[in-house]
Number of protein chains: 2
Amino acid sequence: MSLMDEVLPHVDVRVVAFCLLKERLHVLVCSASANGYELPGAPVLLNCSLEETAARRLGELTGIRETYLEQLYTYGEPQRANPRLISVAYFALLPANRLSKTPPHPACWFAVDALPALTGDHAEIIAYALRRLRYKLEYSAVGFQLLPERFTLSELQRTYEMILGEKLDKRNFRRRILRAGIIEPTTECRTGEGRPARLYRYRPDAVAEVKARRLFP
Amino acid sequence: MSLMDEVLPHVDVRVVAFCLLKERLHVLVCSASANGYELPGAPVLLNCSLEETAARRLGELTGIRETYLEQLYTYGEPQRANPRLISVAYFALLPANRLSKTPPHPACWFAVDALPALTGDHAEIIAYALRRLRYKLEYSAVGFQLLPERFTLSELQRTYEMILGEKLDKRNFRRRILRAGIIEPTTECRTGEGRPARLYRYRPDAVAEVKARRLFP
DNA sequence: ATAATAGTGTCTCTCAGACATTATTTA
DNA sequence: TAAATAATGTCTGAGAGACACTATTAT
């Protein structure tokens with residue numbers, strides 16, 4: 001181990017990675033010893049940024065290096081681990097179609113509504129990440145990060161419904177998302193059972209945030 | 001130094017504390033060596049939580065222990081200090097009337113639009129805290145944390161104007177804040193030049209968050 | 001009486017939310 | 001031709017935003 005590989009003591013990075021699999025929202029966890037499962041994590045190297053650390057570990061486990069990754073919260077209660085550990089948590093969104101096929105070894109996907117037993121405060125961390133995801137979904141265009149580059153409006157709506165856990169009205173959904181101007185139609189259609197659906201694509205130049213309704217403007 | 005007072009290496013806590021002084025939003029900074037000013041901070045003790053650490057330091061400098069305090073972000077780029085330092089930043093809101101009168105020694109208040117030179121990435125941290133404060137102001141009732149327990153509607157409006165940096169319409173402001181039901185009138189008035197103004201108080205039982213306008217409901 | 005500040009109501013326009021039918025394809 | 005999915009428009013109610021005058025006090 002060279003000097004550059006030296007790790008910072010008492011600190012690590014954890015990642016809460018979401019993905020839509022089989023019409024349900026899933027989270028990536030790793031099987032720990034006999035104590036149950038834990039969030040995938042990594043020590044912080046002396047010369048490596050926190051976000052890089054998270055991105056690298058995510059890449060190892062999923063094959064996806066370039067994806068939506070955002071710092072979530074830093075957990076540092078003295079009693080959360082022994083010896084004391086400060087965990088900088090990130091949350092990530094992965095499109096299912098880009099996942100590496102081979103199951104990423106110590107890691108596996110669980111539906112968020114059927115999680116296994118988790119060590120320490122990791123269940124709490126996942127719950128907070130999910131709250132944040134739902135909240136962000138309502139005022140930013142973060143939902144596209146869970147979809148392939150091209151998608152139908154029905155797929156997009158199902159994505160929102162899966163994450164929010166509620167049904168949405170099809171006409172209102174389409175009206176608003178089209179008025180928001182953040183997606184554009186392509187010339188292609190997705191064919192299958194029923195009438196073919198136009199494929200849309202996210203406009204990367206779009207304004208991805210919507211103004212919150214001010215309490216006091 | 002006992003075992004309990006041992007500090008974690010490579011980690012500290014920083015606080016961005018806001019207060020309204022002389023009709024302007026101010027930030028608390030400490031004079032560092034000759035390099036300029038820095039955010040007040042403290043090492044993390046082995047047996048002390050991150051938030052406690054921030055609250056204690058804030059109490060030392062301002063005399064206020066119980067106040068609004070929220071984790072902001074964790075800064076951990078390898079090049080931000082030497083030896084490497086991870087800073088967990090918090091932001092705090094202080095009501096001016098509860099500040100201890102004596103100037104808190106190495107610390108002083110600067111208006112956010114007239115900050116001195118700051119070391120490292122501390123200017124960036126303040127800028128981010130200010131963005132977060134403005135953003136939160138629009139959808140939560142966080143602004144009351146900067147006011148005394150009783151206040152007039154004009155004082156409240158000026159608070160919002162100072163933080164947002166823009167003028168607001170008096171009638172619309174009053175209509176919305178009263179409709180929101182988060183404040184209630186008291187029987188007292190504040191007298192002075194001009195017509196006396198009714199004093200209001202924040203309703204701690206009020207719902208302090210407003211639903212953001214969904215992008216896709 | 002004058003200067004200063006507090007307090008109040010209406011109109012317009014946009015958008016959220018509820019709601020049902022037609023269109024196009026495959027099996 | 002039946003089953004499946006895609007696509008589309010209207011009405012109503014709530015609230016944002018623009019706007020000007022009256023009320024009450026101290027000096």
Side-chain angles (χ1 to χ4, degrees), chain A residues 23 135 137-141 147-148 150-162 164-201 207 209-217, chain B residues 23 135 137-141 147-148 150-162 164-201 207 209-217:
Chain A
E23 301 281 302
Y135 194 74
L137 204 65
E138 295 189 347
Y139 68 88
S140 81
L147 285 171
R150 278 141 204 259
F151 48 84
T152 69
L153 291 181
S154 295
E155 288 166 353
L156 183 60
Q157 182 176 345
R158 274 197 299 275
T159 298
Y160 275 80
E161 289 175 339
M162 275 182 271
L164 297 177
E166 61 181 300
K167 290 297 261 179
L168 303 176
D169 179 86
K170 188 198 257 194
R171 283 163 295 183
N172 292 340
F173 180 82
R174 286 168 187 236
R175 181 188 352 117
R176 267 196 292 273
I177 196 162
L178 291 175
R179 178 158 48 194
I182 56 177
I183 60 174
E184 59 190 12
T186 66
T187 54
E188 299 159 77
C189 286
R190 169 152 311 159
T191 174
E193 199 177 13
R195 174 171 168 178
R198 164 131 282 135
L199 287 172
Y200 287 77
R201 117 163 45 96
V207 179
E209 298 255 334
V210 85
K211 196 80 183 157
R213 183 199 305 168
R214 282 188 181 187
L215 188 49
F216 332 107
Chain B
E23 301 280 302
Y135 195 74
L137 204 64
E138 297 189 346
Y139 68 86
S140 81
L147 285 170
R150 278 141 204 259
F151 49 83
T152 69
L153 292 181
S154 294
E155 289 166 353
L156 183 60
Q157 183 175 345
R158 276 197 298 276
T159 299
Y160 275 80
E161 290 174 340
M162 274 184 269
L164 297 176
E166 62 181 296
K167 290 297 260 179
L168 303 176
D169 179 85
K170 188 201 259 194
R171 284 164 292 184
N172 292 340
F173 180 82
R174 286 169 188 238
R175 179 182 359 112
R176 266 196 292 274
I177 195 163
L178 291 175
R179 178 158 47 192
I182 56 177
I183 61 175
E184 59 190 11
T186 68
T187 55
E188 300 158 75
C189 286
R190 168 152 310 157
T191 173
E193 199 176 15
R195 173 172 170 179
R198 165 131 282 136
L199 287 173
Y200 287 78
R201 121 166 40 98
V207 178
E209 298 254 335
V210 85
K211 199 80 185 154
R213 184 202 303 169
R214 282 190 182 185
L215 189 50
F216 333 106

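The sequence lines fix the lettering, A, B, ..., with proteins before strands; numbering per chain opens at 1. The analysis underlying the following values was restricted to heavy atoms, covering all of them including side chains, and did not include hydrogens, waters or symmetry mates. None of the values given here were measured: they were computed from a predicted structure.
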Report the C-alpha distance between F151(A) and I183(A) in whole Å, list the side-chain angles of each, state the deciding distance to 0.1 Å, and finish with yes or no for side-chain contact (heavy atoms from CB on, under 4.5 Å). CA-CA 10 Å; F151(A) 48 84; I183(A) 60 174; 3.9 Å; yes
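A distance-only check finds no donor-acceptor pair linking the side chain of E138(A) to the backbone of Y135(A) [under 3.5 Å].
Here the P atom of nucleotide dT8(D) and the CZ atom of F173(A) are 14 Å apart, to the nearest Å. Look at CG on D169(A): it is 15 Å from P on dG9(D), rounded to the nearest Å. The separation between E166(A) atom CD and dA16(C) atom P is 15 Å, rounded to whole Å. Whole-Å rounding puts the L168(A) CG to dC19(C) C1' distance at 15 Å. When rounded to the nearest whole Å, the span between CG of N172(A) and C1' of dG13(D) equals 14 Å. Atom-to-atom, NZ of K167(B) to P of dC19(D) comes out at 15 Å; the value is rounded to the nearest Å. Atom pair E155(B):CD and dT5(C):P shows a separation of 12 Å (rounding to whole Å applied). In this structure, CD1 of I177(B) is placed 13 Å from P of dA16(D), rounded to the nearest angstrom.
Between S154(A) and dT5(D), a side-chain N or O to OP1/OP2 separation shorter than 4.0 Å is absent. Between R176(B) and the phosphate of dG17(D), there is a side-chain N or O to OP1/OP2 separation shorter than 4.0 Å. OP1 or OP2 of dG7(C) lies within a sub-4.0 Å distance of a side-chain N or O belonging to R174(B). Contact annotation: R179(A) side-chain N/O to dT14(C) OP1/OP2 distance is not under 4.0 Å.
When each of K170(B) and R195(A) is assigned the nucleotide of DNA chain C bearing its nearest heavy atom, the one mapping closer to the 5' terminus is K170(B). Nearer to the 5' terminus of DNA chain D, by closest-nucleotide assignment, is the contact made by G194(A) (compared with the other of G194(A) and C189(A)). Along DNA chain D, the nucleotide closest to L178(A) and the one closest to E193(A) are compared, and the more 5′ of them pairs with E193(A).
Closest to the side chain of R171(B), from the set dA20(D), dC19(C), dA18(D), is dA20(D). Listed nucleotides: dT8(C), dA7(D), dT26(C). Nearest to the side chain of A197(A): dA7(D).
Y200(B) places none of its side-chain heavy atoms less than 4.5 Å from the side chain of I177(B). E184(A) is not listed as a side-chain neighbour of T186(A), based on a closest heavy-atom distance of 4.5 Å or more.
For R175(A) against dG17(C), a side-chain-to-base donor-acceptor contact under 3.5 Å is present.
By the salt bridge (charged side-chain N to carboxylate O under 4.0 Å, His left out) test, E23(A) is found to be paired with R158(A), residues two or more places apart in sequence or in another chain being considered.
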